Amino acid sequence: MKIRNYWNLRDWGADIWERANRPKRVAIAVTSIILVGLLPFAGASFLATPIAAYDAVLVYPVGIFVLMALGLNIVVGKSGMLDLGYVAFFAIGAYTMAIMGTTTGLNTWEIMPFGIGFAMLAGVILGLPTLRLRGDYLAIVTLGFGEIVRLVLLNSSWSKGPNGIANVPMPPDIGPLEFKLDDQKVFFWVVILMILLTIWMIRRLSVRRPGRAWEAIRQDEDAAELMGIATLKYKIWSFTLGAAVGGAAGVLYASKNLFIAPEMFTLNVSILILSCVVFGGIGNIWGVIVGATILGYLPDRIRFISDARLLVFGLVLVVVMNFRPDGLLPRKKREKAIVKKGVNA
């Protein structure tokens, strides 16, 4: 009964949003952003993590996981393509920041376009020959791509091999806001800004031709192609935009961590980000955010039980996915919208 009432409450909240006019929606959105921005000041509450600094946990893994999950959701949730090598784009962005930051005089914000651009280029290079594949075959190819990038970084002299790259510069101060290792509130606010920009991009594209094409491809690629949709083009769009978000997350992560090495970009990261998308609700922006927040925060919150926390973490996933197989906040049903369009047509 409690679970049913909870979901009724969730639907009631969604109904309030749908019925609200534009000023009310703006007020709700601004209030929510302010509340999220104040989260770093809640470190003295029950939200505090037992070992790691609370504000640092909010940046990584929570904030970065949310950003990466939103990027992967473009590929998996919007277009229906299974990508198991998403960590490769994260690594490309991080190494771009590390190499350019330690060898040039450019700062984080000047390097950011390069990190995003190289990740997008990698997405195009991978997508052109492989996106004709589907299902498990595509998953295997992307998995291999992620491992290839990691092994190249592990065995190359320009990436310092297994030793990694140290002394990655922090971002320059933004007016009175200073980036500090012992106080990472500003890092968190920058990640929040990146998340908001990503949400804005996804929502704008979702209601335009690319979004409609992705939806058609996700439902039935053969039917979409027969209807005249250039499926390969829009799949590359999806892959490239997802890669761009992953590259941006990598640049921010390297600037925050000050050190990167190949073992930070293993297959486990890709699987965990994919778990965030599935756990929250494939294709639903807000579900993905909730899923990434929980899966990023929970392991650090229960770190006091040592290795047993992994068992608890796994049990939570199993229990929730049994009760909510479509995720915590699944995609909205589109039958009403389809019927309405059919009537209007």
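Everything quoted here is computed from the prediction, not taken from an experiment. Only this structure's heavy atoms are used, side chains among them; waters, hydrogens and symmetry mates stay out.
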Please tabulate, one pair per line, all N/O donor-acceptor pairs under 3.5 Å involving side-chain atoms of residues 159-171, not counting sequence neighbours.
residue, atom, partner, partner atom, Å
Ser159, OG, Leu153, O, 2.5
Ser159, OG, Ser156, O, 3.1

Quiz item: With sequence neighbours left out, what residues match Leu82 under side-chain contact (heavy atoms from CB on, under 4.5 Å)?
Solution: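 With neighbours one apart ignored, the set is Leu84, Ala139, Leu274.
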Quiz item: What residues form a side-chain contact (heavy atoms from CB on, under 4.5 Å) with Ile282, not counting sequence neighbours?
Solution: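 In terms of side-chain contact (heavy atoms from CB on, under 4.5 Å), with neighbours along the sequence ignored, Ile282 is linked to Val76, Val277, Val278.
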Self-check item: Of all pairs that satisfy salt bridge (charged side-chain N to carboxylate O under 4.0 Å, His left out), the ones with a partner from residues 141-159, not counting sequence neighbours
Solution: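 Non-adjacent pairs meeting salt bridge (charged side-chain N to carboxylate O under 4.0 Å, His left out): Glu147-Arg150.
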Quiz item: Closest approach of Phe145 and Gly85, non-hydrogen atoms and distance?
Solution: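 Minimum heavy-atom separation between Phe145 and Gly85: CD2-O, 4.5 Å.
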Extract all donor-acceptor atom pairs below 3.5 Å that involve side chains of residues 100-108 and protein atoms in other chains or at least two apart in sequence.
residue, atom, partner, partner atom, Å
Thr102, OG1, Ala98, O, 2.7
Thr102, OG1, Ile99, O, 3.2
Thr103, OG1, Ile99, O, 2.5
Thr104, OG1, Met100, O, 2.4
Thr104, OG1, Leu106, N, 3.3
Asn107, OD1, Trp109, N, 3.0
Asn107, OD1, Glu110, N, 3.0
Thr108, OG1, Ser255, OG, 3.1

Quiz item: Which class fits the ring pair Phe179 and Phe187: parallel under 30°, tilted 30 to 60°, perpendicular over 60°?
Solution: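 If you compare the ring of Phe179 with that of Phe187, the planes turn out perpendicular.
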Distance-only check: which donor-acceptor pairs under 3.5 Å involve side-chain atoms of residues 115-124, not counting sequence neighbours?
none

Quiz prompt | Working for salt bridge (charged side-chain N to carboxylate O under 4.0 Å, His left out), residues Arg218 and Glu215 | solution = CA-CA 5 Å; Arg218 189 186 68 83; Glu215 179 69 20; 3.1 Å; yes
Exercise. Mind checking side-chain hydrogen bond (donor to acceptor under 3.5 Å, both in side chains) for Asp173 and listing every partner two or more places apart, or none if nothing turns up?
Key: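 With neighbours one apart ignored, the set is empty.
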Exercise. With sequence neighbours left out, write down each residue that passes side-chain hydrogen bond (donor to acceptor under 3.5 Å, both in side chains) with Lys256, or none if nothing qualifies.
Key: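 Here no residue qualifies.
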Practice problem: Scan residues 79-99 for pairs that pass side-chain hydrogen bond (donor to acceptor under 3.5 Å, both in side chains), counting only residues two or more places apart or in two chains. | Solution: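 Those involving residues 79-99 are Ser79-Ser238.
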Could you pull out every donor-acceptor pair under 3.5 Å between side chains of residues 48-71 and any protein atom, sequence neighbours left out?
residue, atom, partner, partner atom, Å
Thr49, OG1, Ala52, O, 2.5
Tyr54, OH, Leu39, O, 3.3
Asp55, OD2, Gln184, N, 2.9

Practice problem: Check ring-ring contact (aromatic ring centres under 6.0 Å, His included) between Trp189 and all other residues, then give those that pass, not counting sequence neighbours. | Solution: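 Not a single residue meets the ring-ring contact (aromatic ring centres under 6.0 Å, His included) criterion with Trp189.
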Quiz item: Taking ILVMFWY side chains as joined if any heavy atoms are under 4.5 angstrom apart, and letting links pass through other members, which residues group with Leu35?
Solution: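 Noted: Leu35 shares its cluster with no other residue.
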Quiz item: Is there a path from Ile260 to Leu154 through hydrophobic residues (I, L, V, M, F, W, Y) whose side chains come within less than 4.5 Å of each other?
Solution: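 Per the 4.5 Å side-chain linkage, Ile260 and Leu154 are not co-clustered.
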